[in-house]
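I have placed the structure first, in the form of structure tokens, so that the comments after it can refer back to it.
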2 protein chains.
Amino acid sequence: MTDRANITITLPDGSAQEHPAGVTAYDVALGIGEGLARASIGAKVDGELIDLTRPIHADARLEIVTAKAENPDALYLIRHSTAHVMAEAIQKLWPGTFLAYGPPVDGGFYYDIQCPHAISEEDFGAIEAEMKKIAKEDRPFTRYEMTREDALKKLADDEFKTDNVNRADGDVMSFYATGAPGENWEDLCRGPHVPSTKKIGAFKIMSVAGAYWHGDADSIQLQRIYGTSFPGKKELKKHLALLEEAKKRDHRVLGKQLELFTINPLVGSGLILWMPKGAILRSVLEDYMQSELVKLGYDPVYTPHIGNIELYKTSGHYPYYSDSQFPPIKMRDDNTEYLLKPMNCPHHIMIYKALPRSYRDLPVRLAEFGTVYRFEQSGELTGMTRVRGFTQDDAHLFVTPEQVEEEFRITIGLVQEVFRTLKFEDVVVRLSLHDPDSDKFAGDPAVWEKAENTIRKVMDDLGFPYIEARGEAAFYGPKVDFVVKDCIGRSWQLGTVQLDYVLPERFDLEYVGPDNQMHRPVMIHRAPFGSLERFCGVLIEHFAGNFPLWLAPVQVAVLPITSEQIEYARQVVARLAEAGLRADLDGSSEKIGRKIRNAEVKKVPVMLVLGRRESENTEVALRRHGSGDHGTQGLEEAVQA
Amino acid sequence: MTDRANITITLPDGSAQEHPAGVTAYDVALGIGEGLARASIGAKVDGELIDLTRPIHADARLEIVTAKAENPDALYLIRHSTAHVMAEAIQKLWPGTFLAYGPPVDGGFYYDIQCPHAISEEDFGAIEAEMKKIAKEDRPFTRYEMTREDALKKLADDEFKTDNVNRADGDVMSFYATGAPGENWEDLCRGPHVPSTKKIGAFKIMSVAGAYWHGDADSIQLQRIYGTSFPGKKELKKHLALLEEAKKRDHRVLGKQLELFTINPLVGSGLILWMPKGAILRSVLEDYMQSELVKLGYDPVYTPHIGNIELYKTSGHYPYYSDSQFPPIKMRDDNTEYLLKPMNCPHHIMIYKALPRSYRDLPVRLAEFGTVYRFEQSGELTGMTRVRGFTQDDAHLFVTPEQVEEEFRITIGLVQEVFRTLKFEDVVVRLSLHDPDSDKFAGDPAVWEKAENTIRKVMDDLGFPYIEARGEAAFYGPKVDFVVKDCIGRSWQLGTVQLDYVLPERFDLEYVGPDNQMHRPVMIHRAPFGSLERFCGVLIEHFAGNFPLWLAPVQVAVLPITSEQIEYARQVVARLAEAGLRADLDGSSEKIGRKIRNAEVKKVPVMLVLGRRESENTEVALRRHGSGDHGTQGLEEAVQA
């Protein structure tokens, strides 16, 4: 303990402190205040998350992590630690349980286990009770290390953990005991963890599902137990309420209930079949977008859904992105290969190239609702929001370098307008930039800088809030992604606008300038909705299926009380159709109460109930979804309203 | 010559004649009249085309073929015979020429030859002169036969003809000499032919192209000489004039000139890139069709462009039609295969199946502008009319058996209406039926009969002219194909309506009947345009690019005389756009004459010329395509007109 040198700890506010080498983050926190020390659950040293009690031996930037739900690091520590406590509880309840792998994930954590008992929802209470006991015991998470060789000896009887050691890097393996090593429960683990079991906060076991070891269906079948935890009860409760609300809004459930779309394994996973009512939603959105585009001087085009693979070699999308693409179609007779198009740009570029272009023709703005195909892993597919085929409201602008700023500004304005119209109030922008240290980005760094500065200038001029994400640009240029919050506060990445100096080079695009010389245009890629599938999925959840009138697939349900009013009901439907309204007639033999309930379930905004009196007086009894009876009025009056 | 029995020859009018066995069609014709005998060039015996002078040994139905351009059999005989005469002429002009294969084809004939001289257009006159000599010599086409073995010996030095023998069926090979066998020119040939070289009519060598033996690029390169012939000079002249007119209307030429579409090898042969002006044409047609469909109670849907191959195994489209399909996409991780969809029906069927259906819901009419992909051989690709990817204005009606007749009638009416709107005056229908002797047709023969009778009844009720084509039905049901004549008399097969009892069975489609039992619906497949690519290609040729105003991609060209009128021109364009008209401003620095000429080349229906006077008085000087100046009028007056 003698002769230790001092080290310098720099805090987030920039202040520096001298400490003896071997100091822990807890010591530093305690030096600042007891309250902070109590609230602390871990630390970041030079950006690396570590245990609060791990000694620090060199000069470092230090950030104390306190138990706050807004801090992803805090959630990571808490959830990872809760997973350990859950595993201990399960092993205590069902001896003979083996543990495979237990990571924190978005929204919680899971542990894959091999358990002699088939765990079901009925067991969750018992597991949680056992976990509470362990938490109450306030046992410290204690780290200790050994060599790989010793670790393998220690774990020789545990197939899963032996495998984990074999997959780990480095020569030193770490274990975490909850309490004293050798006396209490422990697990092979990289860490870090919260200081003690008392700090795992408020938790809940959520669900159980089948899983395979290494995700391989030919391997051992495991049980995957999902749970979640938060610093406090209030946050857990809020999260559970949000899940409950999200469940009600789940576009997969509403999509079925409202007959919007279907997916069929005989067609293929992740491939959306738009049913008639969903097709109306989509086409209303397409028509709205098309009318905005025509106002802005865009030219619609149509292009095929496949392309010779050479096209994508030229663009640079193949083979570098082949993992996320469907494999090529190999022709039988020759060596030609076709790709299902993963994006529309090369096709639009070919249309640009089909004519000689002059500066007078620019900007050329080619737009298409272009369906593209990408191969998402089946585990990642989710209804309409994660799919394998999706229709971009795509367009490519070919502009002179002088037009870049103005066209970018107009394009950002269009996207803003679209989100405003769709009632997304909270929109943040992520500005994805290149990373000068990476070789992932094509083209001249100076051009990248210029492009990025142009975007910053436009965003600043518009006063648009944005965060910068270094290294997340497309390979051909920087991009602006729109992240919108829905009605219940969840974030969705939707539209995108991208600037591109690279593809015009690769495809040797040109235009004749006023100087009669050939010049290179710049491309802007943009899709305000992003993907119509994903956008509609998000819209369904955003509105919980209660679409505003202009978007509702069925706007008016016409409900005759008895079959005597059917003829009048047909006239009403015809009159509504004439007025451009989408009306459905319920001609079934159900009682009127049931007809109204059916229309409510289908979330039809307006119901017109037609009885004998209405029929005789050319009137309608008007109801609105969710707000009931709005009284009787004349048919024409109702149509106008 | 003694003891020969008599045979009975039955003529097309039903009359029967007794003749000695061995009688020739020529003898019979002569018996009827010398004029007929002179005009005869061949015969059909029990439906088989034979030489006029070939002996008939058994009772037979006999049809004398006279030299008439309307008779495809006459054209076959004449053209096949002209090909022989051309081959003889070429071998005489360029000794050492070998002959590979020389069939009659649509519009003429060709002969693939291996010739020491590279034949060019400049040689056509010499070949024709030589042919005329041969024709004048009036040498008879003389058939003789030998065994396969002897034929192979005789042709041992001729690689091509030896190959032809090896590919032929049967033990007896036939040769045709033009004159006396052994003395005059001859060719291995199945026949039949006209009686003599004098009967080959009026002919012309049309073109020369490269070809490969057996169509195989690794094999010997040949020269393919195309020619045509007709019974008389007048008919040949008419044909050549038609070709000249067709050339002017060629949609590939006009498609480029009017900037409608482009094809790029980097994307792929037979894959259409719709340029902005072509996209307008297509979307105007789509909008027109969509509005007709909505009136008739169709529901638009959208479906993906691929499907799991199992889908097509269930439908029966795979592997039986795999030759005309792109090969499957084979996934890397599992054995899943996806097909680019060759038709939309299975996808629409999956949408039908996504909901329980009651008889009250039927007919369900699902419509989609669905792009499908089929693999045409590259030699068969032609602009937009023969392609590898095309968009059907497709729909599938799911109806109760009781609704079949009425829905079929409405559908036929829709197709009639479409053709009327597009100014196709001359529409014939081909009713394609099953062949009871073929196993190509799925399902119960009684059901086929019933379906075919239903169609006949509808066509008869409508008074629609139709011809029946036995054995040409789809595998799942009989179909009605619409064959329209364009402005210059060429026939195009466009729309189709098909009745299907088979796919509902294969996909186990059901609905609940009024009896609360499950019933099987019937499907109607229909596409009035057929394919939008092909339809637009035909429309371009039909109108020679001079589209009626409602279809014209650019309806009005606004032509300021000098840059001083640009501002006024912009106002005019804006006013026209407001009135729903598609207007293009020519803001170039060209002289007004040149601007007018450019607009004429682009076949813009209306031109508004704006000079100082027009600008000052808010007037326009109106010109119409092809008919010149229509005087000056007020802007508002012009917009209204």
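Order of the sequence lines sets the chain letters (A, B, ...), proteins ahead of strands, with each chain counted from 1. All figures in this text were calculated on a predicted structure; none of them were measured in a lab.
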Donor-acceptor pair, side chain of B/Tyr338 and main chain of A/Val267, under 3.5 angstrom: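 Side chain of B/Tyr338 to backbone of A/Val267, a donor-acceptor pair under 3.5 Å: no, none is there.
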
Do any N or O atoms from the side chain of A/Tyr373 and from the backbone of B/His305 form a donor-acceptor pair under 3.5 angstrom?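 Yes, A/Tyr373 side chain to B/His305 backbone: donor-acceptor pair under 3.5 Å.
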
Heavy-atom pair count under 4.5 Å with chain B, highest-scoring of A/Thr314, A/Ile280, A/Leu355, A/Thr371: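 Of the candidates given, the most pairs with chain B belong to A/Leu355.
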
Highest number of heavy-atom pairs under 4.5 Å with chain B: which of A/Pro327, A/Pro265, A/Gly389, A/Gly307?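 Ranked by heavy-atom pairs under 4.5 Å with chain B, first place is A/Pro327.
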
Under 4.5 Å from a heavy atom of chain B, the part of A/Glu533 involved: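 Contact with chain B: none, neither part.
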
Heavy-atom contact with chain A under 4.5 Å, split by part of B/Thr303: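 Contact with chain A involves both backbone and side-chain atoms of B/Thr303.
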
Contact origin within B/Phe375 toward chain A - heavy atom pairs under 4.5 Å: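 The answer is the side chain of B/Phe375.
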
Ignoring hydrogens, what is the shortest heavy-atom contact between [X] and [Y]? Give both atom names and the distance.
| X | Y | result |
| --- | --- | --- |
| A/Leu266 | B/Asn308 | O-CB, 3.1 Å |
| B/Met275 | A/Ala354 | CE-CB, 3.9 Å |
| B/Ser588 | A/Arg360 | CA-NH1, 4.2 Å |
| B/Ala279 | A/Pro300 | CB-O, 3.2 Å |

Picking from B/Thr262, B/Val364, B/Ile306, which has the most non-hydrogen pairs under 4.5 angstrom with chain A?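 Option with the greatest count: B/Ile306.
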
Quick one: CG on B/Leu532 to OH on A/Tyr302, what's the gap to the nearest 0.5 Å?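 The distance works out to 8.0 Å.
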
